[in-house]
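Report on one structure; see the data block that follows.
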Amino acid sequence: MRKLFVILAVIFAVLGIIFAILPLGTIAFLPIGIAIISSILAIQNSKLNHKTLPKIILFISAITLLVVIGKVIFVKDVVVPDKQFEQKKVESKKEDIKDLEGL
Amino acid sequence: MKKISLIICFVFTVGFGFSQIKSNERLIYAASYNMSGLMTQLAQVTMTTETIKTSKKAFLHLNWEASTFSKWDSFFKIRDVYETYVDPQTLKPSLYKRNIYEGGYSKTEKYIFNANGKSITSSTQKRNRPETRKTFAIGSSTRDIISTIYKLRTINFAQFKPGQTLSFRIVFDEKEYPVYVKYMGVENVSAGNLGRKQCFKISITAKTDKLRGRDKNLIWITADAAKVPALIRFSIPVGTGQLTLASASGI
């Protein structure tokens with residue numbers, strides 16, 4: 001049983017890290033939550049001298065959780081001005097007016 | 001990925017009503033996509049109107065822009081523009097343009113609605129391919145997507161009974177589609193800076209594989225004089241999502 005929880009904790013901790021890097025927002029809570037629960041269960045099912053790995057996974061998952069919470073709170077959804085895009089729109093509008101004059 | 005294209009693929013045209021679309025209107029939406037059951041904010045959609053004058057007449061420029069939030073730009077950048085120039089009174093289109101850039105895929109389309117009102121001269125260019133031009137026939141009441149959505153806002157749904165439907169025709173990707181709009185009643189919906197508003201709930205179905213499900217493509221339009229789309233929910237082959245109104249000005 002310990003082995004299963006450790007494997008689950010590792011898989012979901014890795015997924016949590018990937019989701020935390022990607023701008024997926026609160027979706028990352030799902031794998032991180034499973035990783036934390038699995039690592040806690042792994043710790044409970046481990047003998048005293050075999051608790052190190054699940055403890056490390058738990059620590060990494062907790063750090064990832066903090067990173068995601070930080071991103072959710074501090075990283076705002078903003079659109080950065082895109083000069084190339086704006087320039088393209090200006091040129092497009094000039095072309096449109098030419099077309100409209102011809103109608 | 002043509003998700004944003006499909007988001008904007010809510011379509012319908014109507015042959016009655018009156019223009020109540022003001023110039024200098026600005027509506028800003030947050031576009032979310034359903035990922036693993038959770039709505040994730042992906043992009044900002046801005047709808048603006050502006051009066052454009054030529055030497056002969058004035059047009060109302062209806063413009064929709066979609067841009068991914070900066071955090072998504074490195075992963076999947078979207079810069080889409082859908083625009084149409086319409087008669088300010090009838091909202092009948094004269095020129096429609098679509099310029100999309102979605103994660104490396106790009107496409108530009110231009111439709112000139114010919115004076116006879118029964119044909120379109122189009123030019124289309126996809127990434128790294130030569131431009132193609134053609135002229136094709138359309139119905140006299142066929143419109144582009146954008147002018148159709150604005151036209152929908154001129155309909156007085158207060159006179160409709162729940163379940164009552166209208167049918168329309170739109171042109172998209174150089175093809176005409178029949179579209180059906182069903183009035184579903186009144187609901188209260190959050191409308192950004194306008195607060196919680198009573199809205200007309202409208203369902204859209206199209207005879208196309210671009211919209212999925214029965215009553216899964218929905219628009220809530222504020223039941224007031226401005227008739228602002230407060231919430232748009234869509235179901236397309238690649239998933240579901242929604243546009244929620246963040247702010248409205250100039251209405």
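All chains are named by letter (A, B, ...) in the order of the sequence lines, taking the proteins before the strands, and each is independently numbered beginning at 1.
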**Item:** Side-chain heavy atoms of B/Lys107 within contact of B/Thr124, under 4.5 Å
**Value:**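 A side-chain contact under 4.5 Å exists here.
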**Request:** Measure the shortest side-chain to side-chain distance between A/Pro54 and A/Phe5 over non-hydrogen atoms and say whether it is less than 4.5 angstrom.
**Result:**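 A/Pro54 does not reach A/Phe5 side chain to side chain.
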What part of [X] gets closer than 4.5 Å to chain B, counting heavy atoms only: side chain, backbone, both or neither?
X	result
A/Lys88	side chain
A/Lys89	side chain
A/Leu22	both

For the candidates [options], which exhibits the highest count of non-hydrogen atom pairs separated by less than 4.5 Å from chain A?
options	result
B/Ile52, B/Asp73, B/Thr54	B/Thr54
B/Met39, B/Glu65, B/Lys57	B/Glu65
B/Lys71, B/Arg79, B/Gln44	B/Arg79

**Request:** Against chain B, work out which of A/Val75, A/Ile27, A/Val80 has the most heavy-atom pairs shorter than 4.5 Å and name it.
**Result:**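 If we count pairs closer than 4.5 Å to chain B, A/Ile27 comes out on top.
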Straight-line distance of [X] [atom1] to [Y] [atom2], nearest 0.5 Å:
X	Y	atom1	atom2	value
A/Ile17	A/Ser61	CD1	OG	7.5 Å
B/Leu27	B/Ile251	CG	CD1	7.0 Å
B/Thr108	B/Tyr101	OG1	OH	14.5 Å
B/Ser247	B/Leu194	OG	CG	8.5 Å

**Prompt:** Of all heavy-atom pairs between B/Val228 and B/Thr222, which one has the smallest distance, and what is that distance?
**Reply:**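 Scanning both residues, the minimum pair turns out to be N-OG1, 2.7 Å.
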**Request:** Measure up the B/Tyr150 and B/Trp64 rings against each other and bin them: parallel (under 30°), tilted (30 to 60°), perpendicular (over 60°).
**Result:**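 Rings of B/Tyr150 and B/Trp64: perpendicular, over 60°.
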**Request:** Report the relative orientation of the aromatic rings in B/Tyr111 and B/Tyr96; use parallel for angles under 30°, tilted for 30 to 60°, perpendicular for over 60°.
**Result:**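 The arrangement is tilted - the two ring planes meet at 30° to 60°.
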**Asked** For the salt bridge (Lys or Arg N to Asp or Glu O under 4.0 Å) test, which of B/Asp173, B/Asp144, B/Asp80 pairs with B/Arg98?
**Response**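 Exactly one option meets the salt bridge (Lys or Arg N to Asp or Glu O under 4.0 Å) with B/Arg98, and it is B/Asp173.
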**Prompt:** How about residues 92-103 of chain A versus chain B: which residues have heavy atoms under 4.5 Å apart?
**Reply:**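 From residues 92-103 of chain A, the residues near chain B are A/Ser92, A/Lys93, A/Glu95, A/Asp96, A/Ile97, A/Asp99, A/Leu100, A/Glu101, A/Gly102, A/Leu103.
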If I measure from the heavy atoms of chain A, does [X] come under 4.5 Å with its side chain, its backbone, both, or neither?
X	answer
B/Thr68	backbone
B/Thr40	side chain
B/Asn99	side chain

**Asked** Can you tell me if A/Ser46 and A/Arg2 form a side-chain donor-acceptor pair at under 3.5 Å?
**Response**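 Checked: A/Ser46/A/Arg2 side chains pair up, N/O donor to acceptor below 3.5 Å.
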